[in-house]
Amino acid sequence: MILDGKCPTGPIEQTWDKHRFDLKLVNPANKRKYSVIVVGTGLAGGAAAASLGELGYNVQAFCYQDSPRRAHSIAAQGGINAAKAYPNDGDSIYRLFYDTIKGGDFRAREADVWRLAQVSNNIIDQCVAQGIPFARDYAGYLDNRSFGGAQVSRTFYARGQTGQQLLLGAYSALSRQIKAGTVKMYNRREMLDLVVVDGVARGITVRNLVTGALESYAADAVCLCTGGYVNVFYLSTNAMGCSVTANWKAHKKGALFANPCYTQIHPTCIPQAGDYQSKLTLMSESLRNDGRCWAPKKKGDTRPPNQIPEEDRDYYLERKYPSFGNLAPRDIASRAAKEQCDEGRGVGPGGRGVYLDFADSIKRLSEDTIRERYGNLFEMYEKITDENAYKSPMRIYPAPHYSMGGLWVDYNLMSNVPGLFVLGEANFSVHGANRLGASALMQGLADGYFVIPYTIGGYLATVKPGQVKEDHAEFKKSMEDVNKDVNKLLSINGKRTVTDFMRELGTMMWENCGMARTKESLEANIKKIPALREEFWKNVKVSGSGADLNQQLENAGRTADFLEFGELLCRDALHRNESCGGHFRSEYQYDDGEAKRDDVNYCYVGAWEFKGVGVEPELHKEPLKFENVHLAVRSYK
C-alpha cells in the first residue's frame with residue numbers, strides 16, 4: 001500500500017488557502033445535528049473542543065484528569081514559535097518553514113509544515129486576545145527569545161510557564177462552550193477502545209475512573225488529542241499518567257502507527273537521582289539562551305564547578321557548532337552531552353551530567369534580569385536539587401521528552417480509518433525525525449484552533465448525522481472486550497507489581513533504544529520484550545477491584561499497552577538503516593559523529609499496520625517529496 005497524504009498541489013504559499021476553499025462546508029443550521037468526540041483536553045484537544053463548540057457542533061470532551069486544566073500541556077515551559085518577525089532580524093513564514101523542515105532532518109511533509117508556519121501568527125493573535133500574559137519588552141511590545149535550531153528570535157513566552165498560560169487560555173475558551181451547552185465535559189474517563197462500525201470510527205468505550213463503570217459514547221467523528229508515548233522509557237519528563245493507550249487501541253482497530261522510532265531526547269533535564277525515581281524534570285531549552293553548556297576537560301575532575309578555571313572547561317557546543325553554539329537542536333545537543341559523559345568527563349553522581357552555567361550572563365545582564373526571565377525555573381531546580389543555580393551551574397542531562405511519531409494522518413488530520421482524526425502530539429505530522437523547541441505548543445494550537453475546524457467540516461459534509469447510536473452491536477462487543485481485559489488483569493494475582501514491570505521495560509528501552517540504537521541492541525529488545533510481556537500476563541499483581549477507583553488497574557492497562565507498543569518502536573528503529581534526528585543508529589554516522597541520513601532508501605513515512613499481538617506488523621510507506629527545500633546534509637556548524 002502506498003499511502004496518500006492528500007497534500008494539495010501548486011505553489012506552496014497558496015496550498016492551505018486553496019485547500020480550505022475547496023473543502024465542503026456544513027451550513028450553520030446543520031452543524032448542531034452533528035456530534036464530535038474529542039479525547040484529551042490539552043492544547044490540541046481543548047482548542048479543538050472549544051472551536052468546534054463555538055461553530056455549533058455538539059461536542060463530547062473526555063479527559064482522565066479531574067479537570068482539563070491538568071493536561072500535560074501545562075508542563076511546557078519555554079515558549080511558542082511564530083513568524084511575526086517583531087525583532088526585525090530576518091524571520092519570515094518561509095524561514096520558520098525551512099527551519100522546521102531542516103530541524104526535522106527532512107522527514108516531515110512540506111505541505112503540513114508550511115501550513116503550521118503560516119497559521120503560527122494567527123495563534124499569537126488568538127492567545128493575546130484571550131489574555132495570555134506573554135512577556136513584553138520595555139516599550140510594551142511582545143518580547144521574543146531564541147530557541148535551538150534557529151538563528152532568529154521568534155519564540156513568544158511567559159517566563160518558564162508558557163504551556164500553563166496557553167492551556168488556561170484554551171480552558172477559558174472551552175469553559176465558555178461548556179457553559180453555552182455546545183460542549184459536554186466528561187472528567188475522569190479513560191478511553192479504552194475505539195468503536196469502528198463498517199470501517200468507520202463511530203465512538204469510544206471509556207472507563208469511569210471513579211466508579212469503575214464502563215461507558216459507551218457514539219458520535220459522527222472522533223478526535224484523538226491524547227499526547228505522546230515517551231513513558232515507554234519509564235523515566236521521562238512526561239506526567240506519569242501519559243501513555244500510549246488511546247493511540248494503541250485505535251492502532252489495534254486499524255489506524256496505522258507512523259514513525260514510532262522518532263522520539264525526542266531533551267538535552268536540558270535534571271539528572272536522575274536514584275533507581276527508584278518515578279519521573280524526570282525538564283529545565284526549559286530557553287535556559288540555553290543565557291546558560292553555557294560545559295564539561296571539565298580532564299577526565300574524573302571532581303572539583304566544585306566554581307573552582308574549575310576557564311582553561312580547564314570545555315564549552316563543547318560552542319566548540320563543535322560555532323554557528324549555533326548553545327542553541328544547537330535538541331537531538332544534537334543531547335548526543336553531545338552524552339558524548340562528554342561517555343568520555344568520562346561527566347559531573348555529579350555517576351558522572352551523568354554536564355553543567356549549564358549562567359555566570360557570564362549574570363555578570364553581563366545582572367542576576368535580577370536572569371531572575372525575571374527564568375525565575376520559576378531556578379526555583380524549581382533549587383527545590384529538587386537543593387542547589388542555587390544563581391551561584392553555581394545547573395547540572396543537566398538528556399531525558400526522554402516528546403514523541404515525533406504517532407498515528408498516521410493525511411493533510412486533513414484524518415487517519416486511514418474514516419472519521420478518526422488525530423491532533424497534536426498524538427499524530428506524526430509536522431516534526432519529522434526531530435522537534436525544534438517551541439513548536440509543540442504551536443502544533444497543538446494550530447491543529448485545534450485553525451486546522452480541524454475546517455477539515456472536519458469537509459468530512460462531516462459527506463456523512464449523514466446520527467447514523468450509529470450506543471445500542472449498536474459493535475458498542476456492545478467493545479464493552480465486552482474491555483470488560484474481559486479488566487477482569488483478566490484483576491484475576492492474575494501474581495507476585496510482581498505493575499511498576500516493577502514498567503521499570504524493567506523502560507530500562508530495556510532506554511539502554512537499547514534510547515539516545516543511540518544498534519542492530520544488535522534492537523534485536524535483543526525484540527527478543528526480550530515478548531518474554532517480559534508473557535511474564536506480565538502470568539505474574540502481575542493488581543489488587544482491588546474494577547468496581548471503584550483503582551489506580552493500580554489503570555497503570556496495569558497502560559503498562560500492558562506499552563509492552564506491546566515497545567516492540568513496534570524497536571521494529572521501526574531496526575528497519576530504518578540510517579540515522580536521522582532523534583533516531584541515531586550508531587552504525588550510521590560520519591567520522592565526526594554526526595547522523596548519516598539515507599535519502600535514497602528511507603525518505604518516507606513508515607506507517608505500520610497491526611496484525612496481532614506477537615505477529616510481525618506490516619509496513620506501509622508514504623514517499624516524501626521536497627520541492628521547496630532541497631534535501632541536504634543537516635549542518636549546524
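Note: hydrogens, waters and symmetry copies are ignored here, and every other heavy atom, side chains too, is used. What you see is a predicted model, and the numbers here were worked out from it, not measured in a lab.
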Trainee: Report the distance from atom CG of L280 to atom SG of C269, rounding to the nearest 0.5 Å.
Mentor: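 Interatomic distance, L280 CG to C269 SG, rounded to 0.5 Å: 6.5 Å.
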Trainee: State which residues pass side chain to side chain donor-acceptor pair (under 3.5 Å) with S415; sequence neighbours excluded, sorted by chain then number.
Mentor: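 In terms of side chain to side chain donor-acceptor pair (under 3.5 Å), with neighbours along the sequence ignored, S415 is linked to no residue.
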Trainee: Hey, does F450 have a side-chain heavy atom less than 4.5 Å from the side chain of L116?
Mentor: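 In short, these two side chains do not touch, never coming nearer than 4.5 Å.
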Trainee: With distance as the sole criterion, is a donor-acceptor pair present between the side chains of Q264 and D331 under 3.5 Å?
Mentor: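 No pair is found: no donor N or O on one side chain lies under 3.5 Å from an acceptor on the other.
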Trainee: I'd like to know if R345 and D301 make a salt bridge, using a cut-off of under 4.0 Å between side-chain N and carboxylate O.
Mentor: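 So R345 does not pair with D301 through a salt bridge.
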Trainee: Could you verify whether a donor N or O on one side chain and an acceptor N or O on the other, from S586 and T518, lie under 3.5 Å apart?
Mentor: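 On atom types as modelled, these side chains do not qualify, holding no pair under 3.5 Å.
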Trainee: Does D89 pair with R154 as a salt bridge, N-O distance under 4.0 Å?
Mentor: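 Looking at D89 and R154, the cut-off is not met.
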Trainee: Ignoring hydrogens, what is the shortest heavy-atom contact between I2 and P623? Give both atom names and the distance.
Mentor: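 That closest heavy-atom pairing would be CG2-CD, 3.9 Å.
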Trainee: Quick check against the 3.5 Å criterion: does Q77 have a side-chain atom that pairs as donor or acceptor with the backbone of S284?
Mentor: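 Checked: pair present.
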Trainee: Looking at E318, is its backbone amide N or carbonyl O close enough to the side chain of N326 to form a donor-acceptor pair, meaning the two atoms are under 3.5 Å apart?
Mentor: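 No.
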Trainee: What I want to check is whether the side chains of H620 and E609 have a donor and an acceptor closer together than 3.5 Å.
Mentor: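 On atom types as modelled, these side chains qualify, holding a pair under 3.5 Å.
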Trainee: If only side-chain N and O atoms count, and only distance matters, is there a donor-acceptor pair under 3.5 Å linking W408 with N416?
Mentor: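 W408 and N416 do not have a side-chain donor-acceptor pair below 3.5 Å.
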Trainee: Any chance you could measure C7, atom SG, to K625, atom NZ, to the nearest 0.5 Å?
Mentor: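 Interatomic distance, C7 SG to K625 NZ, rounded to 0.5 Å: 9.5 Å.
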Trainee: At what distance, to the nearest 0.5 angstrom, does CG of L569 lie from OG of S403?
Mentor: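 Answer rounded to 0.5 Å: 8.5 Å.
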Trainee: Side chain of S323, backbone of K637: donor and acceptor closer than 3.5 Å?
Mentor: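 Yes, the answer is positive, given that a donor and an acceptor are paired below the 3.5 Å cut-off.
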Trainee: Would you confirm whether Q277, through its side chain, and A273, through its main-chain N or O, come within 3.5 Å as a donor-acceptor pair?
Mentor: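 Checking the backbone N and O of A273 against the side chain of Q277, a donor-acceptor pair under 3.5 Å is found.
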Trainee: For Y229 and N247, does a side-chain donor sit closer than 3.5 Å to a side-chain acceptor?
Mentor: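 Y229 vs N247: no donor-acceptor pair found between side chains.
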Trainee: For D342, check side chain to side chain donor-acceptor pair (under 3.5 Å) against everything at least two apart and list the hits.
Mentor: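 Expected list: K338, R352.
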Trainee: Between S361 and D290, is there a donor-acceptor pair closer than 3.5 Å when you use the side chain of the first and the backbone of the second?
Mentor: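 Yes, the answer is positive, given that a donor and an acceptor are paired below the 3.5 Å cut-off.
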Trainee: Using the six-membered ring wherever Trp is involved, compare the ring planes of Y411 and W16 and label them parallel, tilted or perpendicular (cut-offs 30° and 60°).
Mentor: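 Judged by the thresholds at 30° and 60°, the geometry between Y411 and W16 is perpendicular.
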Trainee: Just to verify, which of R109, Q443, M442, R115 counts as forming a side-chain contact (heavy atoms from CB on, under 4.5 Å) with V430?
Mentor: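 Only match with V430 under side-chain contact (heavy atoms from CB on, under 4.5 Å): Q443.
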Trainee: Out of curiosity, E567 CD to D572 CG, how far, rounded to the nearest 0.5 Å?
Mentor: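 E567 atom CD to D572 atom CG measures 12.5 Å (nearest 0.5 Å).
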Trainee: Does the cation-pi check pass for K596 over Y590, that is, NZ or CZ under 6.0 Å from the six-membered ring centre and within 45° of its axis?
Mentor: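 So K596 does make the cation-pi contact.
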Trainee: Whether E578 and R585 form a salt bridge (side-chain N of Lys/Arg under 4.0 Å from carboxylate O of Asp/Glu) is what I want to check.
Mentor: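 Looking at R585 and E578, the cut-off is not met.
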Trainee: Would you say that F134 contacts D143 through its side chain, given a criterion of any heavy-atom pair below 4.5 Å between the two side chains?
Mentor: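 SC-SC contact between F134 and D143 ruled out.
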Trainee: Under the 3.5 angstrom rule, does the side chain of D561 hit a backbone N or O of R558 as a donor-acceptor pair?
Mentor: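 A pair under 3.5 Å: no.
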Trainee: Flag the pair K519 and E523 as a salt bridge only when some basic side-chain nitrogen lies within less than 4.0 angstrom of an acidic carboxylate oxygen.
Mentor: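 A salt bridge links K519 with E523.
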Trainee: Any side-chain donor paired with an acceptor under 3.5 Å for N144 and T155?
Mentor: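 No.
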Trainee: Using 30° and 60° as the class limits, which term best fits the ring planes of F358 and Y374: parallel, tilted or perpendicular?
Mentor: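 Answer is tilted, since the angle falls between 30° and 60°.
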Trainee: What distance do Y262 atom OH and H583 atom NE2 have between them, rounded to the nearest 0.5 Å?
Mentor: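 Y262 OH to H583 NE2: 7.0 Å, rounded to 0.5 Å.
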Trainee: Among side-chain atoms of E110 and W114, is any donor-acceptor pair under 3.5 angstrom?
Mentor: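 Side-chain D/A pair, E110 to W114: absent.
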Trainee: For Y402, which of R435, R330, H431, E425 qualifies under side-chain hydrogen bond (donor to acceptor under 3.5 Å, both in side chains)?
Mentor: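 When R435, R330, H431, E425 are each tested with Y402, the side-chain hydrogen bond (donor to acceptor under 3.5 Å, both in side chains) holds only for H431.
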Trainee: One thing to verify: whether R503 and D275 come together as a salt bridge, which I'm taking to mean a side-chain N less than 4.0 angstrom from a carboxylate O.
Mentor: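 A salt bridge is absent here (no side-chain N lies under 4.0 Å from a carboxylate O).
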Trainee: Between the side chain of N259 and the main-chain N/O of G405, is any donor-acceptor distance below 3.5 Å?
Mentor: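 No.
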Trainee: Start with the C-alpha distance between M509 and N512, add both sets of side-chain angles, then the distance that settles side chain to side chain contact (heavy atoms under 4.5 Å, CB included), and finish with yes or no.
Mentor: CA-CA 5 Å; M509 294 297 295; N512 293 335; over 6 Å; no
Trainee: Treating N434 as the side-chain partner and G103 as the backbone partner, does any N or O pair qualify as donor plus acceptor under 3.5 Å?
Mentor: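 Such a contact is found between N434 side chain and G103 backbone.
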Trainee: Does NZ or CZ of R576 come closer than 6.0 Å to the centre of the six-membered ring of Y602, within 45° of the ring's axis?
Mentor: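 Judged by the rule (NZ or CZ under 6.0 Å from the ring centre, within 45° of its axis), R576 is not positioned above Y602.
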Trainee: Around R145, counting heavy atoms of other residues, nucleotides and ligands shown, do more than 12 lie under 6.0 Å from its CZ?
Mentor: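 Yes, because the 6.0 Å sphere around CZ of R145 holds more than 12 heavy atoms from other groups.
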Trainee: More than 12 heavy atoms of other residues, nucleotides or ligands under 6.0 Å from NZ of K527: is that the case?
Mentor: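 No - once you tally the heavy atoms of other residues, nucleotides and ligands closer than 6.0 Å, there are 12 at most.
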Trainee: Using the test side chain to side chain donor-acceptor pair (under 3.5 Å), find all partners of K84 that sit at least two apart in sequence or belong to another chain.
Mentor: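 Applying side chain to side chain donor-acceptor pair (under 3.5 Å) to K84 gives D125.
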Trainee: Using a distance-only test with no angle check, is there a side-chain donor-acceptor pair under 3.5 angstrom linking E564 and W248?
Mentor: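 Present: a donor and an acceptor within the cut-off.
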Trainee: Indicate whether the side chain of E310 and that of Y315 have a donor and an acceptor atom separated by less than 3.5 Å.
Mentor: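 Yes - a donor-acceptor pair under 3.5 Å links their side chains.
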Trainee: Counting heavy atoms not belonging to K297, are there more than 12 under 6.0 Å from its NZ?
Mentor: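 Yes, NZ of K297 has more than 12 neighbouring heavy atoms, counting only those of other groups under 6.0 Å.
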Trainee: Examine the side chains of R395 and Y397 and answer whether a donor and an acceptor come within less than 3.5 Å of each other.
Mentor: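 Their side chains do not contain a donor-acceptor pair, so the 3.5 Å distance test is not met.
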Trainee: Is it true that a side-chain atom of D447 and a backbone atom of A44 form a donor plus acceptor pair closer than 3.5 Å?
Mentor: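 No, because the side chain of D447 does not come within donor-acceptor range (under 3.5 Å) of the backbone of A44.
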Trainee: Please state whether the rings of F257 and H251 are parallel, tilted or perpendicular, taking 30° and 60° as the class boundaries.
Mentor: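 Ring orientation of F257 relative to H251: perpendicular.
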Trainee: Let me see the working for C127 and I124 under side chain to side chain contact (heavy atoms under 4.5 Å, CB included), right down to the final yes or no.
Mentor: CA-CA 5 Å; C127 293; I124 302 304; 5.8 Å; no
Trainee: So that I can tick it off, tell me whether R634 and E594 are bridged by a salt bridge, with the cut-off set at under 4.0 angstrom between side-chain N and carboxylate O.
Mentor: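 No, no charged N to carboxylate O under 4.0 Å.
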Trainee: Using modelled atom types and a 3.5 Å cut-off, is there a donor and acceptor pairing between side-chain atoms of T559 and backbone atoms of M502?
Mentor: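 Not a single qualifying donor-acceptor pair exists.
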Trainee: Would you give the length of the straight line joining atom CD1 of I526 to atom CG of L568, rounded to the nearest 0.5 angstrom?
Mentor: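 Rounded to the nearest 0.5 Å, the CD1-CG separation comes out at 9.5 Å.
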